[in-house]
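Worksheet: the structure to be examined is printed underneath.
Numbered from 1 within each chain, the chains take letters A, B, ... in sequence-line order. Heavy atoms only: backbone and side chains are in, while hydrogens, waters and symmetry mates are out.
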Amino acid sequence: AQSVTQLGSHVSVSEGALVLLRCNYSSSVPPYLFWYVQYPNQGLQLLLKYTTGATLVKGINGFEAEFKKSETSFHLTKPSAHMSDAAEYFCAVSPYNDYKLSFGAGTTVTVRA
Amino acid sequence: EAGVAQSPRYKIIEKRQSVAFWCNPISGHATLYWYQQILGQGPKLLIQFQNNGVVDDSQLPKDRFSAERLKGVDSTLKIQPAKLEDSAVYLCASSLDGTAYNEQFFGPGTRLTVL
């Protein structure tokens, strides 16, 4: 079974500051890990994913995430927040051998000018 | 390419009424998913189709929910009768082949309010 815990339902950052969204997972088999972004009244859009290989994954819009197996974590970061980063972010996990996504509860990011 | 289309975008009904949602996936995508997203929670998979066959419907409340994908293209999700706890956004997604190497593309969703 797979599950995801996102620490912090709301994160507020200043424009230009570091964005850090935390995600911890549990999985009975090697996981594939994903981050999605959801803007108001829109569907989810894939930011990045980890399947195999390099544990530091770069995605769209300047985001990156690092898979740390020992910590069962897949935290999302962006060095400098932009106003357009205001959205809800979801971490998701699927078993490596069965592409079924289990989502976390989401973290809403607000960006202060 | 055109994205995943869903209609209606919003629906308000009273409990015990019936409602249907429609999804048109990206052309050529064999796999189609329906998710339920309750306010404050992440999306939860209801049903997955591969072409016009059901791959997984283990989380679908079959006493009131039904879904079909005729001809392996469009899909309809129906709720009959609706309950208050069905208030949620219903998201449709599609992918090329259902593997993790091909992204799931999501539609904008249908927001259902049950009064």
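- When hydrophobic clusters are built by joining Ile, Leu, Val, Met, Phe, Trp and Tyr residues whose side-chain heavy atoms come closer than 4.5 Å, directly or via intermediates, V37(A) is not grouped with L91(B).
- Note on V11(A) and V111(A): same hydrophobic cluster, where clusters join Ile, Leu, Val, Met, Phe, Trp and Tyr whose side-chain heavy atoms are under 4.5 Å apart, directly or indirectly.
- Sequence neighbours left out, the pairs with a member in residues 33-115 of chain B that pass disulfide bond (SG atoms under 2.5 Å apart) are C23(B)-C92(B).
- Side-chain heavy atoms closer than 4.5 Å link hydrophobic residues (I, L, V, M, F, W, Y) into clusters, and following such links, possibly through other members, connects F63(A) to V93(A).
- In the hydrophobic clustering of ILVMFWY residues, with side-chain heavy atoms under 4.5 Å counting as a link, V55(B) and I47(B) come out apart.
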Chain B/chain A interface donor-acceptor pairs under 3.5 Å:
residue	atom	partner	partner atom	Å
R9(B)	NH2	N41(A)	O	3.0
Q37(B)	OE1	Q38(A)	NE2	3.4
Q37(B)	NE2	Q38(A)	OE1	3.2
G42(B)	N	G104(A)	O	3.4
Q48(B)	OE1	K100(A)	NZ	3.4
A100(B)	O	K49(A)	NZ	2.8
Y101(B)	O	K49(A)	NZ	3.4
Y101(B)	OH	Y32(A)	OH	3.2

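- Grouping the Ile, Leu, Val, Met, Phe, Trp and Tyr side chains by contacts below 4.5 angstrom, directly or via other members, places L84(B) with L112(B).
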| message | As a quick check of understanding, evaluate side chain to side chain contact (heavy atoms under 4.5 Å, CB included) for L45(B) and L101(A), giving each step before the final call. | response | CA-CA 8 Å; L45(B) 179 67; L101(A) 296 171; over 6 Å; no

